[in-house]
Each structure stands twice: as structure tokens, then as C-alpha cells.
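First up is the structure itself, then whatever we jot down about it.
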Protein chains: 2
Amino acid sequence: MNNFDCLKLENQLCFPLYAASKEVIKKYKPYLDEYGLTYTQYIALMVLWNEREINVKKLGEKLFLDSGTLTPLLKKLEAKGLIKRTRSLTDERNLMVSITNTGDNLKEKLASIPFNVGKCVNLNEEEAKTLYTLLYKVLKSTVD
Amino acid sequence: MNNFDCLKLENQLCFPLYAASKEVIKKYKPYLDEYGLTYTQYIALMVLWNEREINVKKLGEKLFLDSGTLTPLLKKLEAKGLIKRTRSLTDERNLMVSITNTGDNLKEKLASIPFNVGKCVNLNEEEAKTLYTLLYKVLKSTVD
DNA sequence: TAAAATTAAATTGTGTACAATTGAATTGTA
DNA sequence: TACAATTCAATTGTACACAATTTAATTTTA
């Protein structure tokens, strides 16, 4: 491998990561379109289905997104009636985001999506588990 | 695992893929900033360093990007003097993109970036190879 | 406790991404 | 060979994504 081979697209690790991420997210689109949701809105809801209430800062840490991305996104989810945005009473710097009943009811309808998307990604259970582990290892190393 | 556990962020395969992709790309930023380049511009150059000349359609297939993304991006690279855009003489529908001398000279300077980014991703050679293989398997399955 | 430092969200500006449409060029076919 | 179908790039419109800055609230500290 000469000096410049490392500059070939097919020798990069980042490129298939970038491309696979986008292609898998595209697979969500037809399912999410039915509910007028985007992938990013979907993962935000996913956090709220579990957390019930969380501030923007912590939501951003979980999703690896900042307020520049989340502020407009959350306003859209609020406009759809799926979440509620309220300033914390104890610390007005914090905006508390919580799930509404309407938003919570979507949970049932959206539950089958990951399974359906999973079916068209051609990995067996072991490969999926290995990929999962390696991706979290990458994530962990890039964050600190 | 109950019905809704599949809706937890930490049980998704797509989410760490999405997040790891973004975090690794961020690692490129300080290196690319020196040359006023973005990651997407960088991978476009990477193709051109090898292909010398390619039309937008084929470039898009290699990068998993469409003309909506590439047209403005290529105009920026042209404005920087790194590439040239010319209509094909034999078929004017095709826009031929080629690397300029200035663009080619960047190759030397940008050669060390993937190595430097690689160092801060905490995977050994075997893990990197496994991840690479699995990502291409995902890519292949999502494309057809 | 008043000023400085910190924190959190919002805003601003740039650059992707991509679906859908448009328009020009070429190809296939009746 | 006209004309319909196809192909390619550009355009339009929406939605992130993120760096950098701003604004407001809170905490620290002199």
C-alpha cells in the first residue's frame, strides 16, 4: 500500500460509516412519512417515550445533537402536538421537554418500524451484535 | 424484552450508526478547516484524485449523493480552483468534473488526515477490519 | 452582596442531504 | 424521421447539523 492508497475512498473506514448511516436512515423514511415524522424527530420521541420529561441539554447529550438542531426540531414536534415545551420553574435556563398523550399514543404505531427496517439490513443476529458493539466503541472513543 | 424495548434508543442499531458517523466526521473538521474544506468536499476530491475525470452521475453513485447535493458542492470546489466543470462534448447532458493541478497538489497535504483521525478511534486493526466488512454488508443490502 | 464566571437555550450563518420537479439533450420506436 | 420516453444536471423547498454568538438566568467569588 503506497502513501496515497490511504486516500482512496474504498480504503476509508469513515466513508462506509457515513454512507451506511444515510442509507439505513433512508429506509425509515416511508414508514415515518405516514406520520409526517423525520428520523431525527423519531429518535427524539424515542427518548421521550422513556424519559417522559427531559431538558434540551440532556436530550442533546443522548442524541449527540446541540440546541441549534434541537430548538427548531422540538418546536415542530410541539406544533404537531406530540410534545410540550416548558421552562423549568426551579431554573428558568432549562427548557423541559415532555411527551403529550398524543405523542405517547404514537408509540404503539411506530413500534414495528425498527423491526421492518432491520429486515432489509442483511445482517444476522451475531453480525448485528458485533456491529453494535464496535459502533459504541467508536462512539465512546470519539467523544472523550 | 417486551414489545416496546425495541423502541429504546439503546436497543437500536441505526442510532449508533448515525451518531458514530457524525462524531467521526467531526474529527476531520480541524484538519480540513486548515484548507477550508468540508468532509463532503473532501470525499469528492478523494474520488477525483483517482478518477481524474468523472461525470456528476457517476460521482454521485460513488459517494451516495445526488445532484441536489453535488451541484452546489462542486460549484464551491470550482470556485476554490480545485476542480473544473465542463459539459461533455459528446453528450451535453453530462457534466464532466475533473481535478485541477491546484486540487491535485492538495493530495500530498491531506494524505495524513485519515491516519490522524484513525488514531483517535479506539479500534485495533482486526476490529477496524470487521467494522469495515459489516458496514459494506449493510451498504450493499440497503442499496438494492 | 455586587460583579464575574458559568450555564442553557436560542439565534445566526453556512453547508449539506434529499425528494420532487424542471428543462435540455439524447435515445428508442412507431 | 417525428415524437414519446429516458437520462442527466440543475433547481426548489424542507429539514437537519453544527460552529459561533447572543441573551437570559444562575452560581461563584472577591
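As the structure is a prediction and not an experimental result, all values here were calculated from the model. These values consider heavy atoms only, across backbone and side chains, with no hydrogens, waters or symmetry-generated copies. First the proteins, then the strands, lettered A, B, ... as listed; each starts at 1.
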Practice task
Answer with base, sugar-phosphate or nothing: what part of the nucleic acid does B:Lys58 contact at a heavy-atom distance below 4.0 Å?
Solution key: nothing
Handout entry: Listed partners of A:Phe15 passing ring-ring contact (aromatic ring centres under 6.0 Å, His included), at least two apart
Key = none
Exercise for the section: List the protein contact pattern of nucleotides 12-23 of chain C with one symbol per nucleotide (5' to 3'): B for base contact, S for sugar-phosphate-only contact, - for none; contact means a heavy-atom distance under 4.0 Å. Expected result: ---SSBBB----
Practice task
Decide if the gap between the ring center of B:Tyr39 and the ring center of A:Tyr18 is smaller than 6.0 angstrom.
Solution key: yes
Problem - Exercise: do B:Thr40 and B:Thr38 side chains pair donor with acceptor under 3.5 Å - result: no
Handout entry: Spacing of A:Leu74 atom CG relative to C:dA9 atom C1', expressed in whole Å
Key = 11 Å
Exercise for the section: Answer yes or no: does a side-chain N or O of B:Arg85 lie under 4.0 Å from OP1 or OP2 of D:dC8? Expected result: no
Completion exercise
Separation of D:dA9 atom P from B:Met96 atom CE, nearest Å, is 9 Å
Handout entry: Short side-chain N/O contact from A:Lys57 to OP1 or OP2 of C:dA10, under 4.0 Å
Key = no
Practice task
Please state how far atom CD1 in A:Ile54 lies from atom P in C:dA9, giving the value in whole angstrom units.
Solution key: 10 Å
Handout entry: Criterion salt bridge (Lys or Arg N to Asp or Glu O under 4.0 Å) on B:Glu92 and B:Arg87, from CA distance to verdict
Key = CA-CA 6 Å; B:Glu92 289 198 27; B:Arg87 286 282 158 190; over 6 Å; no
Practice task
State which residues pass salt bridge (Lys or Arg N to Asp or Glu O under 4.0 Å) with A:Glu51; sequence neighbours excluded, sorted by chain then number.
Solution key: A:Lys62
Fill in the blank from the handout: Rounded to whole Å, the CG-P distance (A:Leu89 to D:dA25) equals 14 Å
Practice task
Report the distance from atom CD of A:Glu61 to atom C1' of C:dA8, rounded to the nearest whole Å.
Solution key: 11 Å
Practice task
Scan A:Thr90 against the nucleic acid and name what it touches under 4.0 Å (heavy atoms): base, sugar-phosphate only, or nothing.
Solution key: sugar-phosphate
Exercise for the section: Look at A:Arg87 and C:dA10 and indicate whether a side-chain polar atom (N or O) is within less than 4.0 Å of OP1 or OP2. Expected result: yes
Exercise for the section: Ignoring hydrogens and angles, tell me if any N or O in the side chain of B:Lys22 forms a donor-acceptor pair with the backbone of A:Phe64 under 3.5 Å. Expected result: yes
Exercise for the section: State yes or no: do A:Met96 and A:Met46 share one hydrophobic cluster built from I, L, V, M, F, W and Y residues joined by side-chain heavy-atom distances below 4.5 Å, directly or via other members? Expected result: no
Exercise for the section: Tell me the partner of C:dA30, counting only Watson-Crick (N1-N3 plus N6-O4 or O6-N4) or G-U wobble (N1-O2 and O6-N3) with both under 3.5 Å; none if nothing fits. Expected result: D:dT1
Practice task
Using whole Å, report how far CG of B:Leu32 lies from C1' of D:dA19.
Solution key: 15 Å
Practice task
Starting from C1' on C:dT27, measure out to CG on B:Asp91 and report it in whole angstrom.
Solution key: 10 Å
Exercise for the section: Look at the side-chain N and O atoms of B:Asn94 and state whether any lies under 4.0 Å from the OP1 or OP2 oxygen of C:dA25. Expected result: no
Problem - Length of the CD-C1' vector between A:Glu92 and C:dA10, whole Å - result: 15 Å
